[in-house]
Amino acid sequence: MRTIQTKKEYIALSNRIDDLLVLVDNNTASDDKNFIELDLLADLLADYEEANEPIKAPTLIEAMKLRMYERGLNQKRLSELLGVSTSRVSEYLTGKSEPPLKIARDISQKLDIDPMIVLGVN
């Protein structure tokens, strides 16, 4: 099967996918020509993006802020959860300091953040 070779091809196929999304919906039969074309092009784009524009792992700060948002936590509540001061949480969230190993483990477990992200291993 052919692959996308250039950014120009990627953009052209991306635009074609936009056109097909107008024609295909959840009720479109899987043997419909537009559905088949959309499915094939989506796979081509996904392969290109994976090879040329990989998604980077989030930083600890990004992951913590996301989990705080998802769980409705503010810095005060997070500090209580981790057993540290609010000023210490603020330092973690601004990058002024890194959590020690014990707190890093708590962040990983209590906020369900991958340990590799907490340790900064990419």
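Keep in mind that what you see is a predicted model, and the values were worked out from it rather than measured.
For residues 52-73, no residue pair satisfies the ring-ring contact (aromatic ring centres under 6.0 Å, His included) rule, not counting sequence neighbours. Judged as a salt bridge (Lys or Arg N to Asp or Glu O under 4.0 Å), the pairs with a partner in residues 51-62 (not counting sequence neighbours) are, in order, Lys7-Glu53. The ring-ring contact (aromatic ring centres under 6.0 Å, His included) pairs that include a residue from residues 14-34 number zero, where partners must be two or more places apart or lie in different chains. Within the structure, no pair that satisfies the ring-ring contact (aromatic ring centres under 6.0 Å, His included) test touches residues 82-111, not counting sequence neighbours. The ring-ring contact (aromatic ring centres under 6.0 Å, His included) contacts involving residues 4-29 comprise Tyr10-Tyr48, where partners must be two or more places apart or lie in separate chains.
One finds the OG atom of Ser108 at 10.5 Å from the CG atom of Leu101 (value rounded to the nearest 0.5 Å). Here Leu82 contributes atom CG and Gln109 contributes atom CD; the two are 11.0 Å apart, rounded to the nearest 0.5 Å. Note that CZ of Arg77 and CE of Met68 are 11.0 Å apart. Values are rounded to the nearest 0.5 Å. Put simply, CD on Gln5 and CG on Asn52 are 9.5 Å apart, with the number rounded to the nearest 0.5 Å. Ile55 CD1 to Glu49 CD: the interatomic distance, rounded to the nearest 0.5 Å, is 8.0 Å.
Side-chain contact between Pro99 and Leu60 is present, with at least one heavy-atom pair separated by less than 4.5 Å. Between Met64 and Ile61 the shortest side-chain heavy-atom distance does not fall below 4.5 Å. Residues Arg88 and Ile103 are not in side-chain contact: their nearest non-hydrogen atoms beyond the backbone lie 4.5 Å or more apart. Annotation: side chain of Leu73 is in contact with side chain of Leu111 (closest heavy-atom distance under 4.5 Å). Between Ser90 and Lys96, the closest side-chain pair of non-hydrogen atoms is not below 4.5 Å.
Qualifying salt bridge (Lys or Arg N to Asp or Glu O under 4.0 Å) partners for Glu50, counting only residues two or more places apart in sequence or in other chains: none. For Arg67, the side-chain hydrogen bond (donor to acceptor under 3.5 Å, both in side chains) criterion is met by Glu70, not counting sequence neighbours. Under the rule for a side-chain contact (heavy atoms from CB on, under 4.5 Å), the partners of Asp25 that lie at least two apart in sequence or sit in another chain are Asn27, Thr28. Partners of Glu80 under the side-chain hydrogen bond (donor to acceptor under 3.5 Å, both in side chains) rule, at least two apart in sequence or in another chain, are Lys76. Scanning for salt bridge (Lys or Arg N to Asp or Glu O under 4.0 Å) contacts around Lys110 gives an empty result, with sequence neighbours left out. Listed by chain and residue number, nothing satisfies the side-chain hydrogen bond (donor to acceptor under 3.5 Å, both in side chains) test with Thr6 (two or more places apart in sequence, or in another chain).
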Would you mind writing out the side-chain donor-acceptor pairs for residues 12-21 within the sub-3.5 Å range, not counting sequence neighbours?
| residue | atom | partner | partner atom | Å |
| --- | --- | --- | --- | --- |
| Asn15 | ND2 | Ile11 | O | 3.3 |
| Arg16 | NE | Glu37 | OE2 | 3.0 |
| Arg16 | NH2 | Glu37 | OE1 | 3.0 |

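In terms of heavy atoms, Ala63 sits closest to Ile117 at CB-CG2, 4.1 Å.
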Practice task
Please assess Ile113 against Ile107 for the test side-chain contact (heavy atoms from CB on, under 4.5 Å), listing each intermediate value before the final yes or no.
Solution key: CA-CA 7 Å; Ile113 297 174; Ile107 289 170; 4.0 Å; yes
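The same ILVMFWY cluster, assembled from side-chain heavy atoms under 4.5 Å apart, contains both Leu23 and Leu45.
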